[in-house]
Each structure stands twice: as C-alpha cells, then as structure tokens.
Amino acid sequence: MTQNESSEPPEEKAHFTGEEGGGERTTPRKDLGAAVVIGILAITAMAFSLRLEVPTSIYTAPGLLPFLTGLSLLAMAIGLGVGAIRDGGSKDYFAAARAGAQNYLSQQEARRTLLLIAVLVFYIFLAGQISFNLRLPTPFFVFQFSSWEAISMPILAAILWFFWRAPIWKCGLFSILMIFFLAGIFRYAFHILLPAVG
Amino acid sequence: MLMEQVLLALTPLMIGTALLGVTLGIIWGALPGLSTTMAMALLIGLSTGMSQSVAIMFMLGVYTGSVFGGAISAVLINIPGTPDAVPTMMEGYPLAQRGEGGLALGTAIAASFMGNWVGIVLLISFIPLLLTLALEFRSWEMFLLAMWGIAISGTMASGEKPLKGWISGWIGLLIAFVGLDSIHGVSRFTFGSFTLDDGISYIPLLIGLFGLAEVLRVLPQDSPTGIPTQVGRVVPPMRTLFKYSRAAVRSGLIGTIVGAIPGAGANVASFFSYDIGRRRASKEEQKKWGKGSYEGIVCAEVANNANIGGSMLPTLTLGIPGNAAAAAILAALELKNVVVGPTIQTENPGLIFFIYIGLIIANFLMYGMAIVLIKPCVKLFSLPQTLILPMIIPVCVIGAFAVRLSYFDVYLMLSAGVAGYVLHRFGFPVAPMVLAVLLGPLADENLRRALVIFEDKEWWSVFTSPIGDILILVVLYTFYDGIFRRRG
Amino acid sequence: MEEALIMLTKTKLLIAASVAAMAVTPSVAQAEWPERPITAVVMYSAGGGTDTVLRALSAEMAKQMDWQIDVVNKPGAVGGVATKFVLNKSSDGYTWLGAANYNKFARVKGGAESKSWEDWYYMQAGTSLASWSVRPESPFKKFEDVIAEARKRPGEVTISTSGSGGLWHELAAIVAQAAGVELKYVPYKGGKPATLAGLNGEVDIAGGGVHEHIEFVRAGKLRNLQQTGPEDIKLEDGTVMPSVGNFLPQIKNDLPFSGIYNIGIRRDAPIEVIQAVQNAFVAAVNSDSFKEVVKKRKLFIDIKLGEEADRRAAFLEAVTANTFQKLNVPGAKTPEELGLPDPAEFDKWWPPKGYKPLPLAGS
C-alpha cells in the first residue's frame, strides 16, 4: 500500500500531459519531505539576509527583500507541510520514505537516470579541467581542435551507444558530426572561444 | 524619402539577407539552449563585417525568426527553444502528443505572423502615445509590474496547487538575489565568491531547468514517449486565429506595450499575455488550458512577436533599448557610427523607415520560411528520442557557456538540470521559477530604488502614481484569486 | 614554438600534446608577429560606450596592420572578471584587455590582485566627460540652483548614476565634494537607464557622460548644467554645455575629470610584441575613421603611453580608493590596504618601489 503511494508505475508517465506538475503524481509524504527541505532553505536564507550589512536605512537594506522572501517562503512551506500531514503524510514517515527510496532505486529507469547524471557530471568536470587548443594550418584555413571537442566526442558517442543502441560506428559518426557542427558555428562563424579554453 | 528606403529594402541583396537571417533565426531558436538574446549578442561582433543596411536587415531577420523558432522545439520535444516559448510549450506539447503537433505549430506560425503585424502597426502609428505610456513606468511601477509577474507564478502550476507554483517561484526569487545588490553594491549570498557577485544568469538556469532536465527525465525511460510521427496538417489555420481574434488583439497590445517598457522583454510579454488569456477565456476553453489549448498558443505567440515592434519603439525614439535583442541592434548601429537618439530623424533620415520596412519584410519571410521549415523540423524531431536527446546535451553545454564565456555557467546549467529533475519528481512546476528568476532582479532593484527615492517623502506619495495604483490592485487580485479560488 | 601552437591555460591538468611536427615555421616569431588571431577581451558588455569605442579601435588596428582581432566581452565585477581571464592566459601578447579608466575599479572593488602599473601596460586612447543634465521643466536652471537646493536639503537632491561605485558615481561625487554639498546617488543598471531616469523625472538630475546626454541636449529634451571638461562645449545651435570650472574655480586646474578608454596588455609579454601593439595602437588612434567615431560622440582623443600612462593609472586608482573611502562604498578596499597614497601626496609617492618603466620607443 505504502509502496504504491510513493512510487509511480511506469505506465503513469506515458500519459504525461502538459507542463511539470500536471503529470507527475505526488504524495502527501513527498510533499511533507519537500516542505521540510524548503523550510530549512527559507530559514537559511533569512539567517544570511540578517547578516548582510545595512549601509543606510532599514528600508533600503540589501537584506530586506531576501528576508521577506525567506519569511513568506517559510510560511508557504508550513502551509504545504500542514496540508501534507492532514492528508496523512506523516504516518510511518521514515519507513515509508525508505521504502519509497528503495522502490525508486529498484526501477531500471531511475538507475539509468542516476548513471546519466554521473556521466554528465564527469563530462562537464573533465571539460572544465582539461584545456588545449590545437591549430593545424591547412592550405585553406587553420583547422582548430580543442579539448572540448576531444572530450565531448567520445562521451556523446558513449551516451548514444547506451541509450540509442545503434552500432558503435554509427554513434561515433553522429557524435563527431554533431560536435564539429556545433564547434564550427561558434568558432568560425562567431569567433568566440569554446568552453574550457579559459 | 520613404520610397527611397522602400526601394533600398526591396533589392535582391536585402531580401536575400533577410531571408538568410530569418532562416538561421528559426533554426537557432528551435535548437534548445540557444536563445534569441544570445544570437543577437553574438551578432554584434559579426555585424562589423557587414554594411549598415545588410547588418540591420540580417539582425531584424534573426530577431523575428528566432522569436518564432522557439515554438518549434517547445511543441515537438517539450523543450522551449527560447524563454518566451514556455507558455507555448505548456499548450503545444500536449497537442503534439495527441497527434495535433502540426496544427499547433501552424497556429503558432499564424499567431506569430499576426503578432508581428500588431507590433509593427502599433509601432508606426502610435509612437508618441506608447512612448508617453512607457515613460510612465518608473522604478515603482516597474517593481509592481515585476511583482505581478511573480504573483502569476502561482497560477502557472497547471494541475497542482497554486501553493507549489509560488514555492517554486519564491525559490527562484532567492536565486535571483544572489550577487551584488544593485543599489549599494553589497554582496548577497555569494559566500565570498567574485564569480557569484555578478549574479546567476537566467540563461544557463533556463537551459538546465528545461533542456537538461527534460533529457534526464525522458532519455532513461524504457520507451521514451516521442511525438507521434503523424503530426497532421501544418497549414496555418487562419480560421483558428479568427476564432480567437479577441485574444489575439489583446495579446498583441500586451506584447507591444511590454516591449516598449525598457527592461521587460518578450518572455515577460508572453507569460503575461498567457495568464491574462486564461482568465479571459470562456469556461469551456479554460478547461483545456494546460492540456492543449489553441487559444493559449495564440496568446503566447502573438504577444512575444508583437513584442518585437514594441521593443524597437524606445530604441528608435530615445536610443534606449526595449530589451536585450533591441540593445544588440542598437549596438550594431553604434558600431556603424550611427548614434541613435532623439535626433535620429534629423541625423539619419530614413533609417527609421528602413527599419520599419525591414520588420515587415522579415515578417513575410518568417511566415514563408516557417511553413517551409516545419516539415523538416517535424521529421527531425520525430527521429528516435534516444538519438535526439543526447544530441541536445552538447548544445546545452555550449549554450550555457557562450553567453558570458563562463564555465561557471556550465556548472550552473548542470545543477539546474538535476534540480529540475528532482523538482519534477516532487511535483513542483519549474516555469514559475524561471519567471521569478527573470523578474526577481527587476523587482528587487526597482523596489529598493523606489524606496531610496521615496525615503524623504511622505508615505502616501507612494500612491500618487495612477499606473502604480492600478498595478497594486492587479497584484492583490492575483494573489487573492490564487489563494481563494482554486482553478482546475 | 609549441607555446604558440598550443594554448595551455589552466595548470591543473596540462595536456602537452606534442605537435612539433607541425612547427615548420622558424622560431624567431617576432618578425611576423602575430601568427594567429588576437583576442581582445572587453570588460564591459557588448554595445556599451567602452565596447563601442574599443571595437572601433581594434577594427582600425586590424585594418591597418592586416591582423585578425576577435573582440569578446567578459563583463563583471567592475572589470575583475575580464582581468582574471586575461591573467589566466599565456602572456604571449595574443590576449588583450579592453579596459576603461586604467581598470582602476578592478583592484579597489572587483577582487583583482594585479597592479595596473606593475603587472599590466595600459595605453590610453581617449577620454569622455561627465555631465549633469535636467529636464527642460526642471526648477534647476543653472548649476548654482542645484548647489543652493542641496545646501537647503542635504542628501535629498537625487542624481542618477550608471551603477553604485561606478565611474559616473565617482565623478559626480568628486564634483559634489568640491562644491561642498551632499547629493543622493540613485544607481541604475548602466548609462542609458540612468539617462532615462532623468528624462522621465524619477530623479532630479540625470548623471552620466556627455556622450550619453548630448543627443538629448541637442533635441531639447535635456538641459545641461555642467560637464567636467576644462572648457565649455558649444553645440551647432548655440547651446552651451558649461564647464564645471566656471562654477568651482578651485578645481579648474584639475579638469578634465574623465572616463578613459584603454587597451591593456600583460607587462611580461615579449617587449617586441608590446612595441608592435603600441605602434599599431598609435596609428589606429590617429586614423581619420577613429577620429570620426570619437568626434561624433563628443569624446576626445588623448593618447598617453609609457611611464606617463603608468603614472596616470596609479594616480587614478589612488583618487578612486580615497573617494570610495569617503563615500563608504561597500566592499571597496581602503588606500592603506592597497598601499596607495592620498592624491595630494601622489607626486612624492611616485615612482613606487619596484616600478620599472618599459623600454619602448615612441612613448
């Protein structure tokens, strides 16, 4: 029963319509958890805004609006939390939350999402750390090849290979074409520097 | 003089330039992660290599094309190509899933065409009136206008409680506060980082929240729900437009006026028009809202295109740009040593006419090219989602980076993408957050500035502005309406 | 030679890909410098005053020398972002800093550590003047009216600025201090919104640059009260933009107070490269087409090079640090922290220990 509530059967998502919120089913427990996190965020924001200096009067203080925003966000978080508790969100909260999390992790889709996030974090971190730009003069123009392209190509190919499930040479070809196309627009048409080079 | 400019604008070179600009603009706008603002900013540098007329024509073409282009990816893959296409996405994507993607895009084309006309006609015929109105928006009125937009965020939570929309919006506001405060220059929530001093740019945030988050959400699914290959007819249904003619005219007015107010851009225009549209729609139509309403598409697309004409108004009459895209055109003119200001008519006679005609030409070409490009676009986006979505990842990276050439923005985009995915799992809509991030700085800066100005005056002087008073009532009503009258 | 082919920027992970096979060109690179495009990093956003002038200047340099110069904008932290960006690049002279005011705000307020006169070499191309203007219906007919009113209501007469702790804020404050009055500075996001605030009457006085006001003065939409040049500016129709020296004779000798357009290059770049850039710079500033750009905007050509420029950089930073200390600008470093003297003591202080002028010809 609790398991059903805190997870979404895959077929539910297939009927996703409209913008966020309309499709994803939430439960009072999720709302309660969200309310707690948002409440903490609001209190943190209020605490930090109180610490800002007040150069002139209180009405023009830099922290005034962030404080009021934090305060009203706290009120809204309480409203969300109270509503969630009224709908039974606090019943066996921790057991249900654990079950919900386990249920989430047991879905193949969720594991794939986490894997994808991990790959993206690795990709973006790597592209931010490594930096070189080769310039190979050809008779017609100076061909350039930067670290961003070198890193993006294999990673995009790998993502394609994993999700698209096409032969590896096809994934490689598509990724090379895409990255050269993109890099070409920014480098040769707009004359701007590519990521990582700086 | 007018004839001279018409003839100059109608040469094959000019038409060809406009056509190229419009085409590239539509494609650019349709690519998730590449926005109108960025295209225009990048074009400033590029325009130095062109002659003045070619540069203007090209930029007007890209401007007109990319504002429409955002609708294509919004409808077909649920990722808005540009911020102002968010409302179009909310209505168009459900339609595409029902197999009416073609008709939805056709409606968007017709609405954009119509919106451009409204903007151009109002620009040409009501310059003094609109300018007076736009100049009435001082800091206090700008604050209230932004506040109204923020209040709307609650009602953008289609299907969910307004409370969740507002929470999402309020989190956006807190994000918007990060950086140097614009009145005293105090660092807020920056934790000593000079990178954060410049604030969090909304473009990487938008790319993350919509682009990357959608990739994270859809790509890992067992059988990603793409749009049906049957998208139906793509001929712009002028009849639909006539059916919603009242909404169209209203949205055109909203779009033009918002455009004419310096500081508020196409994104604000389409959000406002969309929200007002929902309130004014018939009971029957309101039920469809958020689940695929053609009237909703009309409201959003007419408004963001009418915004183009509106944004040119303060640009051409005062030399003060109506939005970021108009600022880019101004900059390109500056680089051609044309000083745009109140004396433009005497200093550069004819330039204004040339721009009017350029807008009209760009509009016709946009209409034609949109129809031509829709079919291939639909074909492209009907490729397996498992191929399309990974391809979007590097566009998101480069799009986030290119605005400020800052790799920090790429990390920001990644974080926003993950956050967008989590928010979605918890049933929080992200559109309000984007709206709040756009409007938060406007609200904060203008309120604080208004308070600096009101500081030494009596408290009631706050109520001496008629526009301000109207806006106060509108904001209060929006909150009241959201809290006490739930809408399904 | 590899240095020229590979741009190694960050030191964390260096990928030293060897492309020595490509290096067929002789190693005496200076003879044909530059071998690849130059990037000029402008520290303000595209389309602004600084950007326009520097783009025009670099376009002229590119044209005269047949170089390729790509201009990019990296605004933020009053120049600090662009400064750090260029410092992270190799000091081979291929990356320039498009700066204003000798980048004086970056160290005072933008978190940059480098000194303009020890780590950089800034060449000055031209200047812009500060201006105060009002709407035609304003009760302030002359500069004296503002002073009288500000004496009556200290800190209540409002003037718009292009940003808190920005150039026009500083210059307005210097004039007000000289007149012995206190104004209320209302910051806007840039010069154009600040001018607009004067036009729509939100503030009593529009603050900004002469180049930002002049079109409105010509059109009769604004009336100029003062500008910070040493002489009056007469427009074609006879309208006069009076010099502030007429009203405050005590500062007459210090005029002009101005905004400055610079191109900066790393001081540790090869001296031959700096010399080549300087030669191109001088030729471009003196070209007719650049003069036209400057004249149209009521800006002024004023070339400063070599030790004179270094000295000016240090002096302006000292003035700014002292003014900001008096204005209580949040986050600004004090002159003591920066090791800068009081402007009155500057002549005794210069040259500071460790300063070495560059051995350049023609400065």
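We name chains A, B, ... by the order of the sequence lines, and we start the count at 1 in each one. Small disclaimer: the values here were computed from a predicted structure and weren't measured.
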Between B/Arg138 and C/Ala197, is there a donor-acceptor pair closer than 3.5 Å when you use the side chain of the first and the backbone of the second? no
Does the pair C/Arg297/B/Glu334 count as a salt bridge with the N-to-O cut at 4.0 Å? yes
Is it the side chain or the backbone of C/Val71 that comes within 4.5 Å of chain B heavy atoms, both, or neither? neither
Flag if over 12 foreign heavy atoms under 6.0 Å of CD, C/Glu113: no
Is the number of heavy atoms from other residues, nucleotides or ligands under 6.0 Å of C/Lys63 NZ greater than 12? no
Could you check whether atom CZ of B/Phe126 has more than 12 heavy atoms from other residues, nucleotides or ligands sitting under 6.0 Å from it? no
Quick check: do C/Thr158 and B/Val452 have side-chain heavy atoms less than 4.5 Å from each other? no
Heavy atoms from other residues, nucleotides or ligands near CG of C/Asp288 exceed 12 (cutoff 6.0 Å): no
List the atom of C/Leu199, the atom of B/Leu318, and the distance in Å for their closest heavy-atom pair. CD1-CD2, 4.2 Å
Assert top hit (heavy-atom pairs under 4.5 Å, partner chain B, pool C/Val186, C/Val329, C/Val203, C/Thr195) equals C/Val186
To the nearest 0.5 Å, tell me how far C/Ser164 OG sits from B/Leu180 CG. 9.0 Å
Nearest 0.5 Å, please: how far is OH in C/Tyr188 from CZ in B/Arg449? 5.0 Å
When the 4.5 angstrom heavy-atom criterion is applied to B/Ser406 and chain C, the contacting part is both
Is there a side-chain contact between B/Pro262 and C/Leu196, using heavy atoms and a 4.5 Å cut-off? yes
Enumerate by number any residue of residues 214-221 of chain C whose heavy atoms lie under 4.5 Å from heavy atoms of chain B; in the absence of such residues, state 'none'. C/Glu215, C/Phe216, C/Arg218, C/Ala219, C/Lys221
Nearest 0.5 Å, what's the CD-CG distance between C/Glu202 and B/Leu135? 11.5 Å
Taken to the nearest 0.5 Å, the spacing of C/Thr52 OG1 from B/Ile44 CD1 works out to 9.0 Å
Residues passing the side chain to side chain donor-acceptor pair (under 3.5 Å) test with B/Asp469, sequence neighbours excluded, are none
Which region of B/Glu445, side chain (C-beta onward) or backbone (N, CA, C, O), has a non-hydrogen atom less than 4.5 Å from a non-hydrogen atom of chain C, or is it both or neither? side chain
With a 4.5 Å limit on heavy-atom distance, are the side chains of C/Lys184 and B/Ile453 in contact? no
